[in-house]
Amino acid sequence: MGMQQGLLARMRSLGLIAQVSNEAELVAHLDGGSRTVYCGFDPTADSLHIGNLVPLLALRRFQLAGHKPILLVGGATGMIGDPGGRTSERELKSAAVVQDFVSKIREQASAFLDFDCGETSAVVVDNAEWTEKLSAIDFLRDIGKHFSVNAMIQKETVKRRLEDDSQGISYTEFSYMILQSYDFVVLNKRYDCTIQMGGSDQWGNITSGMDLIRRMNSRQAYAITYPLITNSDGTKFGKSMGNAVWLDQHKTSPYSFYQFWRNCADADVIHYLKIFTFLDNAELARLAAAHAQDPGQQLAHKALAAAVTQLVHGEDGLAAALRISAALFSNTLASLAEVDLEQLAQDGLPVTEVDAESMGLLDALLASGLAMTPRGEVTLGQARKLVQSNAVVVNGEKTTDLEMMLSRKTALYGKYQLLQKGKKTHHMIVMR
RNA sequence: GGAGGGGUUCCUGAGUGGCCAAAAGGAUCAGACUGUAAAUCUGACGCGCAAGCUUCGGUGGUUCGAAUCCACCCCCCUCCA
């Protein structure tokens, strides 16, 4: 059996497939040679986040199976905003901002694919390249002509917005589908790209693209969607402390990144191992068994966190994450050497430097940002509440003393104050 | 342009003159229990130690007193032209 054989079946067994168009034909198509697959990423921020990891790693699977991946950055469509998955109109970003996002995402995504392996080398394209040149007349005559509004309003993403009494949909967002369809046509012509992959909310857009290829290029194309990732408890996937988990180490440190995976729910861990790592079946089975046998050991969690952190941040990033985690969670602060504490700061433990010789605990909670209310403001009242509710640990010791002073005398090695809020939020104050 | 319906604290969504810093649920944060899990229970959830202060699309009125009444304006939705 060749490497590419059974790719679809393999992905399905990993839970990576939501829908495919014409499965029998698609399987034959994939088995029949090296194909070109594309997946689009909208530049909605200056970094990708872990949700984007799903298609990114899926593209890599295709490449490993002998196909050519195209990563499309939506410099044009990002200017417009996909109505899918949204209940309200997007805010439009300026061209300069989108351009900046595009270049950052291009660079970031490139780390996951091989760009130098001959025929199947990955390619990055920006749809602004062809979409910007499109005149309104050409757009309407050559492309718009092929779209039936009757069909478009039947698409799930559009229908939902039409049926919502409190929100409408602008013509701009309504047109998103057409531009995405055109992307597929262009890539089909240029690269003989025959497969588009996207989240299951993209199904409507992808199949429109297939239709457009049939009409404009008289070719057969295919659609593959992956299920949108959900947490078993119904909360939104990919949030940590209310923030997105980014791939950019300056936005989410390798340590925080590691902790995110380390803390995922039991019910999700095996599922995530399948989606976010490249572990083989034997290893997956071994971890699943271990997890079922003794979930308290969290072997699967540790394996997941290690594998994904390594994938995204490399060996060094993983090592740093492990170092901090070990120091903070094994309660061995007292035994840490001064170099260890310095290392924690370098490894990405959040740090605040202060000039004062001493400062009140409450001020420290403010300065560190730990005293953040559920709404996201840092307030003195919240600092008090935390201390009073027994949630604060200073240098390994719980304290409920509102008046407590942090001085060089109480500091570790005369300068480090390690604050802990709750069970797993840590912050270091360094007294210069 | 016309007719109608809406804009409330992070979200959903009650509230039509004082009892409203504003019901309820969700989300979030913390505590207990645990395994850095889930579920559950408890507390917090505009700011402030407090007195008090600032909020209910905006501005200006009426009133002892307004999220609630009036005027104008802005924004959203639906239908008609």
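Proteins get letters first, then strands, A, B, ... in listed order; numbering begins at 1 in each.
A salt bridge is defined here as a Lys NZ or Arg NE, NH1 or NH2 lying under 4.0 Å from an Asp or Glu carboxylate O, and A:Asp211 with A:Arg215 fails to meet this definition. The pair A:Glu283-A:Arg286 meets the salt-bridge criterion, with a side-chain N (NZ, NE, NH1 or NH2) lying under 4.0 Å from an Asp/Glu carboxylate O. A salt bridge does not link A:Asp138 with A:Lys133: none of the charged nitrogens is closer than 4.0 Å to a carboxylate oxygen.
Contact annotation for A:Asn390: backbone-only contact, meaning every heavy-atom pair under 4.0 Å involves sugar-phosphate atoms and none involves a base.
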If a protein heavy atom is under 4.0 Å from the base, mark B; if only from the sugar-phosphate, S; if neither, -; do that for nucleotides 42-47 of chain B going 5' to 3'. --SSSS
Enumerate donor-acceptor pairs with a distance under 3.5 Å from any side-chain N or O in residues 360-371 of chain A to protein atoms, sequence neighbours excluded.
{"residue": "A:Ser368", "atom": "OG", "partner": "A:Ala364", "partner atom": "O", "Å": "2.9"}
{"residue": "A:Ser368", "atom": "OG", "partner": "A:Leu365", "partner atom": "O", "Å": "3.1"}
{"residue": "A:Ser368", "atom": "OG", "partner": "A:Leu370", "partner atom": "N", "Å": "3.2"}

Can you give each donor-acceptor pair under 3.5 Å made by side-chain atoms of residues 310-317 of chain A, sequence neighbours left out, with the distance rounded to 0.1 Å?
{"residue": "A:Gln310", "atom": "NE2", "partner": "A:Glu315", "partner atom": "OE2", "Å": "3.1"}

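Looking at A:His426, its side chain never comes within 3.5 Å of a backbone N or O of A:Leu418 through a donor-acceptor pair.
Non-hydrogen atoms lying under 4.0 Å from RNA chain B are contributed by A:Pro295, A:Gly296, A:Gln298, A:His301, all within residues 288-303 of chain A.
Proximity of A:Lys398 to the phosphate of B:rA30: no side-chain N or O atom is located under 4.0 Å from OP1 or OP2.
Every residue two or more places apart in sequence or in another chain was checked for a side-chain hydrogen bond (donor to acceptor under 3.5 Å, both in side chains) with A:Arg141, and none qualifies.
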What's touching nucleotides 52-55 of chain B from the protein side, N or O pairs under 3.5 Å?
none

